[in-house]
Trainee: 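Provided herewith is a single structure, encoded as C-alpha cells, for subsequent inquiry.
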Amino acid sequence: MTARGTGGRTLGDTADTSSRSGPASALIPVLTVTISLLGLCLLWSLAANAWPSRAFPGPGQVWQVLLREAASGDLFYHLGATLGRVAAAYVVAMIVGSVIGILLGSHRGADRFFSPWVILFLNIPALVVIVLAYIWFGLNEVAAIGAVAVNKIPNVVVTMREGARALDPRYAEMAAIYRFGPLERVRHILLPQLQPYLAAASRSGIALIWKIVLVVELLGRSNGVGFQIYLYFQLFDVAAILAYTLAFVAVMLVIELLLVQPVERHATRWRRRPA
Amino acid sequence: MQPVGAAVPLRVDIAEKTFRSAQGVSVTALKDLSFEVRQGEFACLLGPSGCGKTTTLRILLGLDRQFSGSFQLPEGGSNRVAAVFQEPTLLPWRTVEQNVRLALPKDLRAKNLDGLFDTLGLAGMRSFYPAELSLGLARRAALARAFATEPAMLFLDEPFVSLDGRTAEQLRRLLLTVWSARPTTALMVTHNLTEALTLSDRIIVLAPRPAHVLGIFDVRLPRQHRSPQAISDLLRSFHQKFPGVI
Ligand SMILES: Nc1ncnc2c1ncn2[C@@H]1O[C@H](COP(=O)(O)OP(=O)(O)O)[C@@H](O)[C@H]1O
Ligand SMILES: [Mg+2]
C-alpha cells in the first residue's frame with residue numbers, strides 16, 4: 001500500500017488534483033477491505049464451530065476477552081507499554097542507522113572497511129542480541145530498547161547507504177554556488193533526496209521492530225503485549241493471546257493509515273503532478 | 001540602475017587542468033588559458049564542443065579545485081556568484097518560487113520578486129513544481145534564480161541548447177531584458193556564434209582541446225542595433241578574423 005505512483009493525471013491548474021476523484025471512489029477500497037475482513041471472520045467462526053476446542057476459540061470469544069481486558073484497563077496499559085518501546089526503538093534505530101548509512105554511502109573507503117561489520121550484524125539472530133543485552137546490561141528498559149534498535153540498525157544502514165550513493169551531486173553543487181547553510185542543505189537538498197529510502201526503511205522498520213519488541217518483553221519485561229502473551233501461554237488461554245495480538249495489529253494498522261501514509265503523501269506531493 | 005559591484009574585472013589565468021581517470025588515462029582539458037572580462041561586461045566563451053568550456057566554468061565556480069593557476073572574481077555588492085547550467089538544476093521538491101528564494105542571501109529572502117517573475121513570464125507559475133514546467137520554462141526559472149540573487153558575477157553554460165529555435169530566441173531576448181535592468185559582469189559559454197554575436201560585448205574564442213585563447217572579438221555595435229543584417233555583417237568580419245573557426 002504505497003501512497004506513491006498515483007501519478008498520470010494531467011495538469012489543469014494549481015489546484016490540488018486529488019480533490020477531483022470524489023469521495024465515492026475513495027470508499028470502494030475501504031468497502032473491499034471491510035468485506036474481505038468480514039469474510040475472514042466468518043471463515044474463522046465456521047471453523048471454530050466445526051472443531052470446538054479451548055485451544056481454538058471463535059471470534060466471539062476473543063471479542064469477549066477483548067472487552068473484559070479493555071474494561072479493566074489492562075489492555076491499554078500493556079498496549080501503551082509496547083507502543084512506547086516500539087516508538088523509542090524506532091527513533092533510535094532510524095537516527096543511528098541513517099547517520100551511519102549516510103556516512104558509509106558517501107565515504108567509499110569507510111564503506112569498504114565497515115561493510116563486513118554490517119553484514120555480520122545483519123546476520124546475528126535477534127534472539128542472540130536480546131539475550132546478550134539482558135546479560136550485559138541487566139533486565140532493564142534501556143537494554144530492552146537498545147537490543148531492539150540494534151536488531152534494526154543494520155537494515156537502516158543498508159537502505160540509507162543505498163540512498164546516499166544515489167545522491168545527485170548537481171544539487172549539492174547548486175547549493176554550494178548559492179551558499180546554502182548547513183541546515184538548509186540537510187532540509188532542502190539531503191532529506192528530500194533520501195525521502196524514498198527513509199520511507200522504505202521506516203516501513204520495514206516498524207513491521208520488524210514490533211515483532212522483536214514482543215520477544216524482548218517476553219524474555220525480560222513485566223509489562224507489554226509480549227509479557228501478556230507469555231502469561232496467557234502459561235495458562236493456555238488462546239482467546240486472550242489472540243485478543244492481545246489482534247489489538248496490537250489493529251493499533252499498528254491505524255498508525256500506518258493515520259500517520260505513516262499521510263506523512264508520506266505530504267513528502268511526495270511534488271511527484272504526483274507530472275507535466 | 002547602476003552597474004553593481006566590480007571595480008575588479010574577472011581575471012582568469014589557468015596554467016593547466018588535467019583529468020585523470022581511474023584507469024590512468026589522462027586528458028588535458030585546459031592549457032595556458034588566460035583572459036579578462038571587464039566589469040559590467042557580457043562576455044561569451046566560444047569554442048567547439050568538448051574543448052573545455054564547462055570545465056572552465058566549473059573551476060571559476062569553485063566546484064573543481066584540482067587545477068594549476070589562479071583566477072580572480074569581481075567583487076562588490078553581495079560578492080556572490082550565480083550560475084545557469086546546461087540543466088536547469090531546480091530542486092524538484094520545491095516550487096518555482098521556493099527554488100528562487102532559497103538561493104537568496106538571508107537578508108534578501110523576503111524581497112519582492114513580482115517584477116522579475118513578470119518580466120520572465122513566470123508570474124502564474126510561482127507555485128508550480130519543476131516537473132510541471134517545460135524545459136524552456138525551467139530555464140527561465142533558473143534565470144530568475146540567478147538574477148534574483150543580484151550577483152557580482154554571472155556564469156551561464158549554454159543556457160539555450162536543446163530548445164526549439166523560437167523558444168531559444170524568446171529566451172535570449174528575456175535574458176537581455178533582465179540583464180540590461182542590472183548589467184552584471186557575465187560570462188556565457190556557447191558554441192553558437194550567432195548567439196554570441198547577438199548577446200555579447202566581447203567574444204573570447206577558444207581553440208579545440210586543450211582549450212586556450214585563440215583571440216578576442218569585440219562587438220562594439222550597441223545591442224539594439226544588431227539587426228539580422230548587422231549580425232550577418234558581424235559574422236563575415238568574424239570569419240575574416242578567425243578563418244576556419246566554427
Ligand atoms: N570529469 C571528467 N573526467 C574526465 N574527463 C572529463 C571530465 N569532464 C570533462 N572531461 C573532458 O574534458 C574535455 C572538456 O570537457 P567540457 O569542459 O565538458 O567541454 P565543453 O567545452 O563541451 O563544455 C572533454 O574532452 C571531456 O571529455
Ligand atoms: Mg559543456
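Below, read A as the first sequence line, B as the second, and so on, with proteins coming before strands; counting in each chain starts at 1.
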Trainee: Could you check if a side-chain atom of B:L102 sits within less than 4.5 angstrom of a side-chain atom of A:Y178, using non-hydrogen atoms only?
Mentor: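 A side-chain contact is absent here, since even the closest heavy-atom pair is not under 4.5 Å.
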Trainee: Going by salt bridge (Lys or Arg N to Asp or Glu O under 4.0 Å), name the residues that satisfy it together with B:K17, two or more places apart in sequence or in a different chain.
Mentor: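 Counting only residues at least two positions away or on another chain, B:K17 forms a salt bridge (Lys or Arg N to Asp or Glu O under 4.0 Å) with B:D64.
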Trainee: With a 4.5 angstrom heavy-atom cut-off, could you sort out which part of B:R58 is near chain A: side chain, backbone, both or neither?
Mentor: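 When you check distances to chain A, only side chain atoms of B:R58 fall under 4.5 Å.
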Trainee: Tell me the residues of residues 160-173 of chain A whose non-hydrogen atoms fall below 4.5 Å from those of chain B, in number order.
Mentor: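 Checking residues 160-173 of chain A against chain B gives A:R170, A:Y171, A:E173.
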Trainee: Given heavy-atom pairs under 4.5 angstrom as the criterion, report whether the side chain, backbone, both or neither of B:F155 touches chain A.
Mentor: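 No part of it gets close to chain A.
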Trainee: For B:Q98, which atoms come within 4.5 Å of any heavy atom of chain A: side chain, backbone, both, or neither?
Mentor: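 Neither part.
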Trainee: For atom CZ of A:F121, decide whether the heavy atoms of other residues, nucleotides or ligands shown that lie under 6.0 angstrom number more than 12.
Mentor: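 Incorrect, the count does not exceed 12.
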Trainee: So, are B:R109 and A:E184 salt-bridged, with charged N and O less than 4.0 Å apart?
Mentor: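 Judged by the 4.0 Å cut-off on N to carboxylate O distance, B:R109 and A:E184 do form a salt bridge.
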Trainee: Does A:I189 reach the side chain of B:W93, with side-chain heavy atoms less than 4.5 Å apart?
Mentor: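 The answer is no, as the side chains (C-beta and beyond) never meet within the 4.5 Å cut-off.
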Trainee: Which distance, rounded to the nearest 0.5 Å, do you find between the CE of A:M174 and the CG of B:L63?
Mentor: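 Rounded to the nearest 0.5 Å, the CE-CG separation comes to 11.5 Å.
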Trainee: Show the nearest heavy-atom pair for residues B:A83 and A:I177, with the distance to one decimal.
Mentor: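 Answer, listing the atom of B:A83 first, then A:I177: CB-CD1, 4.1 Å.
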Trainee: Do the side-chain N and O atoms of B:Y129 and A:R269 include a donor-acceptor pair separated by under 3.5 angstrom?
Mentor: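 Yes, a side-chain donor-acceptor pair sits under 3.5 Å.
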Trainee: Non-hydrogen atoms of chain A under 4.5 Å away: do they reach the side chain of B:L90, the backbone, both or neither?
Mentor: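 Looking at B:L90, just its backbone touches chain A.
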